[in-house]
Amino acid sequence: MLVRLLYASRATAPLDPSVQEAILEQSRARNPKSGITGILCFSEHVFIQVLEGGRDEVCELYNTIARDDRHENVRILSFEEIRERRFGSWTMGQVNLAKVNASLLLKYGEHAELNPFTTSGQATMSLLDELMTTALVVGRSG
Ligand SMILES: Cc1cc2nc3c(=O)[nH]c(=O)nc-3n(C[C@H](O)[C@H](O)[C@H](O)COP(=O)(O)O)c2cc1C
């Protein structure tokens, strides 16, 4: 049974590229073994991640990630059973939210700035769906 989980969190320290790289390296090394796919979006202070895969695998990974001290205020925005993956081509795609243009942010939010903690999970998911159609998601694996 496939599920999709969306969460947001706050970085415990302003994110520098070495931290982002370390997380993506861990993700890309480990996720294929457990059949996890998804994308990780980051800004200087915020992470938004989608995890897709088997229910056990997604829940286990989420529990591990939630304990990671590189972030805090980890909040589940949505969790659903799915018939098919949307992010199947990414062992962990990567999006720099600073590069997302203002009109796309305004389409789904009140301001041209993404605040997943005050936006509905559905709106954040719609924004990520639309991002998938742009070249902003990098790290395609298949
Ligand atoms: C925002 C964020 C996203 C992460 N995403 C993943 C991921 O998709 N897959 C993964 O294996 N680890 C991910 N990690 C790293 C895990 O929290 C953990 O450090 C890693 O799985 C190694 O766990 P271990 O020390 O038990 O081996 C993420 C960490 C953070 C802070």
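Order of listing sets the numbers, starting from 1, for every ligand and every atom in it.
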### Query
Cluster question for you: counting only ILVMFWY and a side-chain heavy-atom cut-off of under 4.5 Å, with indirect links fine, are Phe87 and Leu61 together?
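Different clusters.
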Relative to the heavy atoms of [X], which atoms of ligand 1 are at a distance of less than 4.0 Å?
X	value
Ile23	2 (C), 3 (C), 4 (C), 28 (C), 29 (C), 30 (C), 31 (C)
Arg30	11 (O), 21 (O), 22 (C), 23 (O), 24 (P), 27 (O)
Met92	8 (O)

### Query
Judging by distance only, is a nitrogen or oxygen of His71 under 3.5 angstrom from one on ligand 1?
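By distance alone, the answer is no.
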### Query
Do any nitrogen or oxygen atoms of Arg70 come within less than 3.5 Å of a nitrogen or oxygen of ligand 1?
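So ligand 1 has an N or O lying under 3.5 Å from an N or O of Arg70.
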Does ligand 1 have a heavy atom under 4.0 Å from the side chain of [X], from its backbone, from both, or from neither?
X	answer
Tyr7	side chain
Ile65	both
Asn31	side chain
Arg67	neither

#### Entry: Trp90: which of Leu40, Val137, Asn31, Thr37 passes side-chain contact (heavy atoms from CB on, under 4.5 Å)
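In the set Leu40, Val137, Asn31, Thr37, the residue that makes a side-chain contact (heavy atoms from CB on, under 4.5 Å) with Trp90 is Val137.
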### Query
Which residue from Val46, Ile48, Leu15, Asp68 reaches closest to atom 16 (C) of ligand 1 through any of its heavy atoms?
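Looking at heavy atoms only, Asp68 sits closest to atom 16 (C) of ligand 1.
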### Task
Could you name the option among Gly38, Gly53, Ser27 that has the heavy atom nearest to atom 7 (C) of ligand 1?
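Going through Gly38, Gly53, Ser27 one by one, Ser27 has the nearest heavy atom to atom 7 (C) of ligand 1.
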Flag yes if more than 12 heavy atoms outside [X] fall under 6.0 Å of its [atom1] atom; otherwise flag no.
X	atom1	answer
Glu130	CD	yes
Glu72	CD	yes
Gln26	CD	yes

### Derivation and outcome, side-chain contact (heavy atoms from CB on, under 4.5 Å), residues Arg86 and Asp129
CA-CA 8 Å; Arg86 284 198 203 129; Asp129 276 342; 3.1 Å; yes
### Query
Between CE of Met125 and CD of Glu80, what distance do you get to the nearest 0.5 Å?
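Met125 atom CE to Glu80 atom CD measures 7.0 Å (nearest 0.5 Å).
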### Query
Touching ligand 1 at all, Tyr62? Heavy atoms, strictly under 4.0 Å?
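No, Tyr62 has no heavy atom closer than 4.0 Å to ligand 1.
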### Query
Given the protein's heavy atoms, is any one of them under 4.0 Å from atom 25 (O) of ligand 1?
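Protein heavy atom within 4.0 Å of atom 25 (O) of ligand 1: absent.
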### Task
Verify whether one side chain among Thr91 and Arg28 offers a donor that lies under 3.5 Å from an acceptor in the other.
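Looking only at side-chain atoms, Arg28 and Thr91 do not form any donor-acceptor pair under 3.5 Å.
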### Query
What protein heavy atom is closest to atom 15 (C) of ligand 1, reported as residue, atom name and distance in Å?
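Looking only at protein heavy atoms, the one closest to atom 15 (C) of ligand 1 is Gln26 OE1, 3.4 Å.
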### Task
Just need the protein heavy atom nearest to atom 3 (C) of ligand 1, so name the residue and atom and give the distance.
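Nearest neighbour among protein heavy atoms for atom 3 (C) of ligand 1, to 0.1 Å: Gln49 OE1, 3.3 Å.
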### Task
Name all pairs fulfilling the ring pair (Phe, Tyr, Trp, His ring centres under 6.0 Å) condition that reach into residues 15-53, sequence neighbours left out, sorted by first residue then second.
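Residue pairs with at least one partner in residues 15-53: Phe47-His71.
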#### Entry: Validation row: Val74, Arg10 side chains within 4.5 angstrom (heavy atoms)
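SC-SC contact between Val74 and Arg10 ruled out.
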